[in-house]
S.K.: 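Input: one structure, supplied below.
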Amino acid sequence: MNTRRRQILKELNLLPVWRLKSDTTQYSEAAEPYVAANENSPLPSEPLNSTAQSSPIAQMNWNQLKAAVAHCVACPLSQTRTQTVFGVGAENADWLFVGEGPGAREDEIGEPFVGQAGKLLDQMLAAIHLKRGEQVYIANIVKCRPPNNRNPSANEAAQCEPYLTRQIALIRPKLIVALGKVAAQNLLKCDDSISSLRGKVHDYSAIPLIVTYHPAYLLRSLPEKAKAWKDLCFAQTTMQSLR
């Protein structure tokens with residue numbers, strides 16, 4: 001392990017690290033084994049989403065989609081935002097990270113995951129040899145900040161869903177990482193707990209999806225960083241199996 005990576009893991013409180021076994025997705029005795037859901041069933045080769053395909057948004061290119069999001073007034077969040085937060089990163093990224101919604105700083109800057117949560121996310125990416133903007137795209141379930149940083153409502157998420165669905169269709173990521181319960185439940189259309197969703201490969205329209213904690217939650221619950229590190233290792237192993 002090089003000095004820079006060791007420094008990053010130390011900042012994340014993730015030393016000593018778990019090491020992957022060469023022939024399995026299980027980890028060393030310090031970590032619990034992961035088991036992929038439906039691992040014997042191959043994923044379909046083409047993403048399908050009938051709801052999105054029936055929407056005019058489904059035909060938009062990147063420029064049209066960005067303009068539509070910027071001028072969207074479909075839900076009350078448009079009345080309190082400073083600006084929309086579309087997403088950022090490589091538009092043909094292999095990795096897609098999805099959070100719940102913009103916070104105050106994101107609303108001000110217009111970019112997802114800035115401030116302390118964004119710094120932690122960047123450290124998490126660096127720990128698995130990734131970098132914001134390079135084969136990584138970052139987006140949210142909703143494009144406008146919910147007041148007081150509350151969770152987006154079901155209606156707000158539903159109004160924004162066609163935009164995210166189109167982003168995913170344009171990016172065609174190899175792997176989606178849902179950051180937090182809100183993102184996971186909206187993408188997977190379930191109300192399961194994050195603890196029950198972690199450690200499995202889920203399916204989002206034929207794209208493998210893995211669930212981990214939101215960086216903002218990790219800032220409040222430092223002991224959970226170790227679990228997030230296991231999730232990142234699992235995601236890295238899953239990505240390697242897709243190449």
Side-chain angles (χ1 to χ4, degrees), residues 47-93 95-119 121 132-133 136-173 176-191 194 204-207 209 211 214-217:
L48 296 175
N49 189 309
S50 58
T51 301
Q53 288 178 338
S54 65
S55 166
I57 295 172
Q59 309 305 318
M60 291 181 178
N61 60 32
W62 277 110
N63 290 335
Q64 293 168 334
L65 188 63
K66 290 174 183 177
V69 167
H71 295 93
C72 180
V73 292
C75 80
L77 293 183
S78 63
Q79 300 171 17
T80 57
R81 73 186 182 216
T82 300
Q83 60 185 312
T84 57
V85 181
F86 182 78
V88 66
E91 294 179 350
N92 61 345
W95 294 78
L96 172 63
F97 289 78
V98 181
E100 60 188 61
R105 186 62 174 161
E106 289 82 1
D107 179 65
E108 178 184 349
I109 300 297
E111 181 175 330
F113 286 93
V114 295
Q116 290 303 308
K119 180 180 178 181
L121 178 59
R132 183 186 293 243
V136 172
Y137 197 94
I138 304 171
N140 282 309
I141 293 296
V142 296
K143 309 299 186 187
C144 299
R145 179 198 178 197
N148 302 314
N149 290 346
R150 64 166 172 77
N151 292 338
S153 69
N155 178 63
E156 291 160 355
Q159 294 299 326
C160 252
E161 183 178 9
Y163 297 130
L164 179 59
T165 300
R166 184 56 181 162
Q167 280 180 298
I168 295 172
L170 289 169
I171 297 167
R172 297 186 66 84
I176 298 173
V177 179
L179 299 168
K181 180 176 69 174
V182 173
Q185 290 180 345
N186 276 278
L187 288 169
L188 296 174
K189 304 300 181 188
C190 72
D191 58 2
I194 193 167
Y204 173 88
S205 296
I207 303 171
L209 183 150
V211 176
H214 194 286
Y217 170 77

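Counting begins at 1 with the first residue of the sequence.
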S.K.: Taking all heavy atoms of Ala139 and all of Leu164, pick out the closest pair and write down the distance.
M.R.: CB-CD1, 4.2 Å
S.K.: CG of Leu188 to CG of Leu209: how many Å apart, nearest 0.5 Å?
M.R.: 5.0 Å
S.K.: Please name the pair of heavy atoms, one in Tyr137 and one in Ala93, separated by the smallest distance, quoted to 0.1 Å.
M.R.: N-CB, 3.6 Å
S.K.: Once rounded to the nearest 0.5 Å, what's the spacing between atom SG of Cys144 and atom CD of Gln159?
M.R.: 11.5 Å
S.K.: Are side-chain heavy atoms of Ile171 and Trp62 found at a separation under 4.5 Å?
M.R.: yes
S.K.: What's the separation between atom CD1 in Ile57 and atom OG1 in Thr165, rounded to the nearest 0.5 Å?
M.R.: 9.0 Å
S.K.: Can you tell me if Gln167 uses its side chain to pair, donor with acceptor, with the backbone of Phe86 under 3.5 Å?
M.R.: yes
S.K.: Testing the basics here: between Val98 and Asn140, what is the closest heavy-atom pair and its distance to 0.1 Å?
M.R.: CG1-C, 4.0 Å
S.K.: Would the number of heavy atoms belonging to other residues, nucleotides or ligands and lying under 6.0 Å from CG of Asn61 be above 12?
M.R.: yes
S.K.: Once rounded to the nearest 0.5 Å, what's the spacing between atom CG of Leu179 and atom CD of Glu100?
M.R.: 9.5 Å
S.K.: Nearest 0.5 Å, what's the CG-CG distance between Leu187 and Leu96?
M.R.: 8.0 Å
S.K.: Could you walk me through whether Glu91 and Lys66 pass the salt bridge (charged side-chain N to carboxylate O under 4.0 Å, His left out) test, one step at a time?
M.R.: CA-CA 12 Å; Glu91 294 179 350; Lys66 290 174 183 177; 3.1 Å; yes
S.K.: Side-chain contact test, heavy atoms from C-beta onward, threshold under 4.5 Å: evaluate it for Pro146 versus Thr80 and give yes or no.
M.R.: no
S.K.: Taking the side chain as C-beta and beyond, is there a heavy-atom pair between Phe113 and His214 under 4.5 Å?
M.R.: yes
S.K.: Compare every heavy atom of Ala74 with every heavy atom of Cys72, then report the nearest pair and how far apart it is.
M.R.: SG-N, 3.4 Å
S.K.: Once you round to the nearest 0.5 Å, how far does CZ of Arg145 lie from CZ of Arg105?
M.R.: 12.5 Å
S.K.: Might you point out which heavy atoms bring Cys160 and Ile141 nearest each other, and give the distance in Å?
M.R.: CB-O, 3.4 Å
